[in-house]
Visitor: 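Mind having a look at this structure? Questions to follow.
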Amino acid sequence: MASPRGEFSSRFGFLMAASGSAVGLGNIWGFPTNAASNGGAAFLFVYLILAFSLAYPALMAELIIGRHARANAVTALRGISRGPRTRMLATVVGMGGIVTVSLILSFYAIVSGWMLAYFLSSFSELMGWTSPAAWLTSGSAERDAIFTLIFVALTIYVVTAGVRRGIERWATRLMPSLLLILLILIVYVLTLDGATDGLRAYLVPDFSRITDPRLLLSAMGQAFFSLSLGVGTMLIYGSYLSRRENLPTVGGLVALLDVGIAVMAGLLILPAMYVALAGGIAIYDDAGGLIAGPGLIIAVLPALFDSMGMAGSLVALAFFLLMSIASLTSSISMLEVPVSYAVENHSMHRRKAGLLIGAVIASLSLIIVVNFGWLFDLVVMLTTEFSQPLLGFFFAVFVAWIWNRNSVLREIREGSPEVEHSLFWRIWPFYIRYICPAAILLVFVQTILL
Ligand code: PFF
């Protein structure tokens, strides 16, 4: 091993890093519009149930394996294997996670680059520099390439500084700032005309919409992406967690923070969209649903900010800062997956590994930028709808079917000696053995059939 393994210095440090990974673009551009288009509070209710009954058990599986092995996913899964066949499967799943998360980062970095560019554009706007401001929101391939590279460089900077001095330090600075900016923006937007219509669309339950089984499945997919599951991110963060920590509790807190911030993002995004509607800006797409994803962030909201004059530039500045922070705390958790593998299994120096792997990922991003029209959606689809659920399935299988149940219990007992008599231990083993794999398979089959 090139250097001793890192460890988070405190529970707070871990919570900020892990919730930083979970809270990302997905929470802000996916969850709120999905909820509003699909039954408002009724969707929220279903989402909460799914997040805690399915995504939380899967998150626990990764945290438990990681802390037990104190190693990256490849080594960790191989360590709990039982023979040559499962060891082979372990390598395939672990490496699959590394490849998938690298591809996720390659498209995530492009979108995150947009967030940085829009942030700088609002700043230029405030300073009265109109032509740089216009270039920054121009959507040209040059701009995309430059800001993708800047974003990947920031990610490399944090990861190469190490677990405590990089990841933990930045997550504990950035996540509280994110929460503060989010709160300020919510309070401000709620004072604007049209905001209450947005709240109504978001929070008034329409139970007729949630009987559609496809909706349940897509809510589950959203929960898995949102908790960064299946690619070894939570496993590696779990491996940096102290043996004294109570795993079911810290895992529960991470899930709560993730869901809590997604719900709060809805209190900002939906009112903002309806304020935009009141100002004559289109907020529905051709199919009649609310505009979501990149279109929401780089078309609807900027149009709203533009219509608000000087105050709009300030709000835009805060909003794109919020988005950039959410992106960075997620991207560092992604880069950590391949970097930890290179450091631990190939004795590479962390700095060299970060630079080298970062450069490979940046090159992939540039290929996507140049072929954006057909490649971007394809990479998003393959990684988040295909690879992530499939790998998540295998993580559940490893912990529940391949690993020895007594060893699992022994690991959880560290830091929570009473766990055997808890509700967690009565429910979780059953969920991770039967419900999670079956539910993930359902999502998977649905994704392939649609
Ligand atoms: N959870 C992040 C989001 O909601 O935007 C996305 C993500 C982060 C996916 C880290 C995968 C990952 F490993």
Side-chain angles (χ1 to χ4, degrees), residues 16-35 47 51 55-56 58-59 62-63 66 72-73 93-94 96-112 114-115 151 155 158-159 167 171 174-175 178 182 218-239 254-266 269 292-294 296-297 322-341 357 361 379-392 395:
M16 292 302 100
S19 63
S21 167
V23 173
L25 299 171
N27 297 57
I28 297 169
W29 81 28
F31 177 78
T33 40
N34 215 338
Y47 183 79
Y56 168 67
L59 168 69
E62 285 200 36
L63 292 179
N72 63 81
V93 173
I98 290 176
V99 172
T100 302
V101 83
S102 304
L103 286 170
I104 293 180
L105 181 52
S106 70
F107 78 74
Y108 210 82
I110 300 173
V111 183
S112 307
W114 297 343
M115 301 303 114
F151 184 78
T155 308
V158 176
V159 169
I167 298 173
L174 294 175
M175 287 307 286
L178 177 140
L182 185 58
S218 87
M220 186 158 63
Q222 161 103 31
F224 269 79
F225 180 72
S226 188
L227 272 177
S228 316
L229 297 174
V231 288
T233 310
M234 289 301 180
L235 188 150
I236 195 71
Y237 275 12
S239 80
V254 172
L256 261 181
L257 279 167
D258 182 50
V259 172
I261 293 184
V263 172
M264 281 174 66
I269 299 294
L296 166 68
I297 306 293
L322 170 88
M323 294 302 281
S324 304
I325 293 175
S327 305
L328 187 63
T329 52
S330 294
S331 70
I332 56 182
S333 74
M334 297 182 204
L335 185 59
E336 181 61 17
V337 173
V339 166
S340 61
Y341 170 75
I357 296 167
I361 290 171
V379 178
V380 174
M381 198 263 288
L382 283 179
T383 52
T384 63
E385 291 177 19
F386 179 83
S387 218
Q388 250 190 316
L390 189 64
L391 292 167
F395 274 107

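Excluded from the calculations below are hydrogen atoms, water molecules and symmetry mates; all remaining heavy atoms, backbone and side chain alike, are included. One-based numbering along the sequence shown. Just so you know, ligand 1 is whichever comes first in the structure, and atom 1 is the first atom listed for that ligand. Just so it is clear, the model here is predicted, and its values are computed rather than measured.
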Visitor: Is the shortest side-chain heavy-atom distance between I110 and W114 below 4.5 Å?
Guide: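 Side-chain contact under 4.5 Å: yes.
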Visitor: Please check this pair: side chain of N27 against backbone of D258, looking for a donor-acceptor N/O pair closer than 3.5 Å.
Guide: yes
Visitor: Against heavy atoms of S226, which atoms of ligand 1 measure under 4.0 Å?
Guide: 1 (N), 4 (O)
Visitor: Report the part of A326 in contact with ligand 1, treating N, CA, C, O as backbone and CB onward as side chain, heavy atoms under 4.0 Å; options are side chain, backbone, both, neither.
Guide: neither
Visitor: Checking a contact table here: which protein heavy atom is nearest atom 5 (O) of ligand 1, and how many Å away?
Guide: Y108 OH, 2.6 Å
Visitor: Quick one, M175 and L257 - any side-chain contact, counting heavy atoms below 4.5 Å?
Guide: no
Visitor: Under 4.5 Å between any side-chain heavy atoms of P338 and V101, yes or no?
Guide: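 Yes, close enough: below the 4.5 Å cut-off.
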Visitor: How close does the nearest protein non-hydrogen atom get to atom 13 (F) of ligand 1, and which residue and atom is it?
Guide: T233 OG1, 2.6 Å
Visitor: Tell me: protein heavy atom nearest atom 8 (C) of ligand 1, and distance?
Guide: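 For atom 8 (C) of ligand 1, the nearest protein heavy atom comes out as S228 OG, 3.3 Å.
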Visitor: Just so I know, are the side chains of L229 and F395 near enough to count as touching, which here means a heavy-atom distance under 4.5 Å?
Guide: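 L229 does not reach F395 side chain to side chain.
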Visitor: Short list, please: which atoms of ligand 1 are under 4.0 Å from a heavy atom of V231?
Guide: 13 (F)
Visitor: Looking only at atom types and distance, does a side-chain atom of Y47 sit under 3.5 Å from a main-chain N or O of V259, one as donor and one as acceptor?
Guide: no
Visitor: Within the 4.5 Å heavy-atom criterion, are T329 and V23 side-chain neighbours or not?
Guide: no
Visitor: List every atom of ligand 1 that sits less than 4.0 Å from any heavy atom of V101, numbering the atoms from 1 in the order shown and giving each element.
Guide: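 The atoms of ligand 1 under 4.0 Å from a heavy atom of V101 are 13 (F).
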Visitor: Within the 4.0 Å heavy-atom shell around S21, which atoms of ligand 1 are there?
Guide: 1 (N), 2 (C), 8 (C), 10 (C)
Visitor: Of the backbone atoms (N, CA, C, O) and the side-chain heavy atoms from C-beta on, which set of F225 has a member under 4.0 Å from an atom of ligand 1: side chain, backbone, both, or neither?
Guide: both
Visitor: We want to know whether S333 and S21 form a side-chain donor-acceptor pair, criterion being a heavy-atom distance below 3.5 angstrom.
Guide: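 Result is yes, a qualifying pair exists.
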Visitor: Go through ligand 1 atom by atom and flag the ones less than 4.0 Å from a non-hydrogen atom of M334.
Guide: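 Taking each heavy atom of M334 in turn, ligand 1 has 7 (C), 8 (C), 10 (C), 12 (C), 13 (F) under 4.0 Å.
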Visitor: Counting distance only, does the side-chain N/O of S226 pair as donor-acceptor with the main-chain N or O of A223 below 3.5 Å?
Guide: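 No, S226 side chain to A223 backbone: no donor-acceptor pair under 3.5 Å.
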Visitor: Just which atoms of ligand 1 are under 4.0 Å from any heavy atom in N27?
Guide: 4 (O)
Visitor: Pull out every atom of ligand 1 sitting under 4.0 Å from any heavy atom of S333, numbered as shown with elements.
Guide: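 In order of number, 10 (C).
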Visitor: Can you tell which of G26, G24, A22 gets a heavy atom nearest to atom 1 (N) of ligand 1?
Guide: A22
